[in-house]
Amino acid sequence: MESSLGPSLYPLHRCKTIHLVDNLRKHDKSRGISKNIELVIVSPLLRTMQTAAGVFGSGGYTDGVGAPPLMVENAGNSSRPAISSLNCPPFIAMELCRERLGVNPCDRRKNISEYKPLFPAIDFSLIESDPDILWRPDWREKDEELAARGMKFLNWLWTRREKEIAVVTHSAFLLHTLSAFGNDCHPVIQNEIRSPFKNCELRSVVIVDRSMMGSDSSTTNYPGNIPSGADLPSDAEKESAEVPK
Ligand SMILES: *[C@@H]1O[C@H](CO)[C@@H](O)[C@H](O)[C@H]1NC(C)=O
Ligand SMILES: *[C@@H]1O[C@H](CO)[C@@H](O)[C@H](O)[C@H]1NC(C)=O
């Protein structure tokens, strides 16, 4: 389908920029992550919340100053210092972007009531169950179930008005979610989209809304037609050029 591989054009207000982050071992702020991030979505596991706080948090927390800590000192016995939420985007914990569910104990979460005191500035209100009712010891989520959950997650993103969003999640979740994309691209680009995340990788993508899931209007478009009529005088020039008298 070479003929379909030309440039694509899409209205800006129907696109979102998504920074996908696999749980990072090293919390390195110097990777040039955009300052424009409006929202951080994080899988509610200790390692992803520590990563999110480390990468998108404000650095050192001083007791009683400004905003609550994003992460308290030694959260989950990490020996890490506390991290402030001052001037940070909102952080929301979301179960739809959890790692593959079941069997593997490290993909099981603790009760949300245990996490809340460790991450006081993370919003857990979208998580309905305090204990982990999604993970089961005798059932492992299948590839296609994981991919379907990933698609549900991306659809949920359109309910958010934020345009630039960081998602801190896990490698198997990303692999199977992204495997559904890139069919309409050059093979090199398809591979860029779908290849497995390396340890510590951050990948920025644009997602476009082709089925009117979102309802955001443009903030930059100008409606035109005020006053109504043709765009004079260039249209008039064109007309006179095309219809010589
Ligand atoms: C941290 O250490 C305390 C005390 O040893 C222990 O009770 C707690 O379960 C540990 N927490 C984690 C997340 O390992
Ligand atoms: C987690 O929640 C369950 C169900 O509410 C409860 O039985 C259990 O004791 C809780 N665990 C901890 C460590 O608080």
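First listed ligand is number 1; within each ligand, the first listed atom is number 1.
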message = I'd like the contact residues of ligand 2, where contact means a heavy atom below 4.0 Å.
response = N111, E114, P131
ask   = What closest approach, in Å, do R149 and E99 show between heavy atoms, and which atom pair accounts for it?
value = NH2-O, 3.2 Å
query = Cation over ring, R203 on F197, under 6.0 Å and within 45°?
reply = yes
ask   = Is the backbone N or O of G102 less than 3.5 Å from a side-chain atom of R136, with the two atoms forming a donor-acceptor pair by type?
value = no
message = Under 4.0 Å between a side-chain nitrogen and a carboxylate oxygen: does that hold for D209 and K16?
response = no
request  = Enumerate the residue pairs fulfilling side chain to side chain donor-acceptor pair (under 3.5 Å) with a member in residues 112-122, sequence neighbours excluded, ordered by first and then second residue.
outcome  = S113-D130
Short side-chain donor-acceptor distance under 3.5 Å, E144 and H176 = no
